[in-house]
Participant: 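Sending over a structure as structure tokens; questions will come in a sec.
Given the structure is predicted, the values throughout are model-derived calculations rather than measurements. Chain A is the first sequence line, chain B the second, and so forth, proteins listed ahead of strands; every chain is numbered from 1.
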There are 2 protein chains.
Amino acid sequence: MDMTAKPAGADCRAVSEILSRVGDKWTIQVVVALRSGSQRFNGIKRRVGGISQQMLTRTLKTLERDGMVERTVRHTTPPQVDYMLTPLGHSLSETARHLADWAAAHQGVIAGNRLQYDARQL
Amino acid sequence: MDMTAKPAGADCRAVSEILSRVGDKWTIQVVVALRSGSQRFNGIKRRVGGISQQMLTRTLKTLERDGMVERTVRHTTPPQVDYMLTPLGHSLSETARHLADWAAAHQGVIAGNRLQYDARQL
DNA sequence: CAGGATCCGATCGGATACTG
DNA sequence: CAGTATCCGATCGGATCCTG
């Protein structure tokens, strides 16, 4: 197949779906927190900072469902659960880096645009 | 690999913010619809397909606020409003292409992972 | 320690009706 | 044609309490 052709619009829906999966408030931050290796629940919670336990649970569960992270339970006392990125999760984190670069490069301009726009609305 | 200038976590919040801006259901699709040039309101609505007038209005307004699209009003009868991408909007659409490639390449695997996961949960 | 359950407000997103 | 206004359900996200 020739992938150099323009995505017609079928791809567009796929991108959109992936984006709304990944574009929530926490997913990327959790993935980034896991880049350096296996982490435990409260370890991730500390790393991300500001995330509630509820949202971390949901986010990890969805990432596990999508095959981005792998969950390993150790039945010790106290119980211990490790989360680590799968190869798929790593490849996502690589792609996220490009977006990170773009965001870092343009966030200042965007913030300025918003100020200008809001000022004009008065 | 070149790991210099590692974004510690300050950038991470910026990315997260950009992502939740761009990661909603419609923003990217609207941007993509505008790539081929200036479009009018109902033209975009037709191109995107499935979007409500409400959400298109909101999405365009936010994109305008962020400086991604430019809005031009022509006071004719009937009134005519053109939307076109700014250079900033174009640069976003380029970045979105990388994500599009990733999504297209992995959506099948992800869908399969979900099926497996859901099957195990029964 | 790792969550599940529940309550709550805020935002997302669709549908419909109305306006200049 | 290009919106605005309003109502509505679904989901997001935080806080708190409870459990193995």
Side-chain angles (χ1 to χ4, degrees), chain A residues 12-13 15-31 33-34 38-66 69-84 114 117 120-121, chain B residues 12-13 15-31 33-34 38-66 69-84 114 117 120-121:
Chain A
C12 185
R13 277 183 291 266
V15 190
S16 180
E17 195 189 326
I18 297 292
L19 266 176
S20 36
R21 248 305 282 106
V22 138
D24 65 15
K25 194 172 179 182
W26 300 114
T27 298
I28 290 293
Q29 294 190 56
V30 169
V31 168
L34 284 170
S38 174
Q39 308 278 332
R40 293 170 57 185
F41 189 89
N42 281 323
I44 302 171
K45 194 168 185 310
R46 265 187 305 274
R47 278 193 163 228
V48 171
I51 191 172
S52 66
Q53 159 260 58
Q54 162 88 292
M55 287 314 296
L56 181 53
T57 300
R58 286 190 202 175
T59 303
L60 285 171
K61 199 167 286 177
T62 311
L63 283 172
E64 188 194 357
R65 186 169 105 104
D66 287 353
V69 308
E70 199 183 324
R71 183 171 177 272
T72 312
V73 186
R74 242 180 291 279
H75 285 283
T76 57
T77 47
Q80 184 170 340
V81 183
D82 289 304
Y83 294 91
M84 66 179 296
R114 287 177 187 173
Y117 183 91
R120 275 196 299 269
Q121 293 319 90
Chain B
C12 184
R13 276 183 290 268
V15 190
S16 179
E17 195 190 327
I18 297 292
L19 266 177
S20 36
R21 245 309 279 109
V22 139
D24 65 14
K25 194 173 180 182
W26 299 114
T27 298
I28 290 293
Q29 294 190 57
V30 169
V31 168
L34 284 170
S38 173
Q39 306 278 332
R40 292 172 57 186
F41 188 89
N42 281 324
I44 302 171
K45 193 166 186 310
R46 265 187 305 274
R47 278 193 164 229
V48 171
I51 191 172
S52 67
Q53 152 264 62
Q54 163 88 289
M55 287 313 297
L56 182 53
T57 299
R58 285 191 201 174
T59 303
L60 285 171
K61 200 167 286 178
T62 313
L63 283 171
E64 189 194 356
R65 186 169 104 105
D66 287 354
V69 308
E70 198 183 324
R71 183 173 178 270
T72 312
V73 187
R74 241 181 292 278
H75 284 283
T76 58
T77 48
Q80 184 170 339
V81 183
D82 289 304
Y83 294 91
M84 65 178 296
R114 287 178 186 173
Y117 182 91
R120 275 195 301 269
Q121 294 318 93

Participant: With rounding to the nearest 0.5 angstrom, report the OG1 to CZ distance, A:Thr72 to A:Arg40.
Facilitator: 12.0 Å
Participant: Take the protein atom CZ of B:Arg74 and the nucleotide atom C1' of D:dG3, then report the distance between them rounded to whole Å.
Facilitator: 17 Å
Participant: Side-chain polar contacts of residues 54-62 of chain A - donor-acceptor pairs under 3.5 angstrom, sequence neighbours left out - could you list them?
Facilitator:
from    : atom 1 : to      : atom 2 : distance (Å)
A:Thr57 : OG1    : A:Gln53 : O      : 2.9
A:Thr59 : OG1    : A:Met55 : O      : 2.7
A:Thr62 : OG1    : A:Arg58 : O      : 2.9

Participant: Verify the contact: side-chain N or O of B:Tyr83 to OP1 or OP2 of D:dG3, cut-off strictly under 4.0 Å; return yes or no.
Facilitator: yes
Participant: Anything under 3.5 Å between a donor and an acceptor, one on a side chain of residues 22-30 of chain A, the other on a protein residue two or more places apart or in another chain? List them.
Facilitator:
from    : atom 1 : to      : atom 2 : distance (Å)
A:Asp24 : OD1    : A:Trp26 : N      : 3.1
A:Asp24 : OD1    : A:Thr27 : N      : 2.8
A:Asp24 : OD1    : A:Thr27 : OG1    : 2.8
A:Asp24 : OD2    : A:Thr27 : OG1    : 2.9
A:Gln29 : NE2    : A:Lys25 : O      : 3.3
A:Gln29 : NE2    : B:Ser16 : OG     : 3.1

Participant: Give the rounded distance in Å between these two atoms: NZ of B:Lys61 and P of D:dT4.
Facilitator: 4 Å
Participant: Check the distance between C:dC1's P and A:Asp82's CG and give it to me in whole angstrom.
Facilitator: 14 Å
Participant: Could you give the NE2-to-P distance, from A:His75 to C:dG3, as a whole number of Å?
Facilitator: 11 Å
Participant: Each nucleotide in nucleotides 6-20 of chain C should get exactly one letter: B, S or -. Can you fill that in based on protein heavy atoms under 4.0 Å?
Facilitator: B------BBBBB--B
Participant: Between the two end axes of the helix from C:dC1-D:dG20 to C:dG20-D:dC1, each built from 5 base pairs, what angle do you get to the nearest 10°?
Facilitator: 40°
Participant: If you take any heavy atom closer than 4.0 Å to DNA chain D, which residues from residues 38-49 of chain B end up in contact?
Facilitator: B:Arg40, B:Phe41, B:Asn42
Participant: Partners of B:Glu17 by salt bridge (charged side-chain N to carboxylate O under 4.0 Å, His left out), sequence neighbours excluded?
Facilitator: A:Arg114
Participant: Do the non-hydrogen side-chain atoms of A:Ile51 and A:Lys45 ever get within less than 4.5 Å of each other?
Facilitator: yes
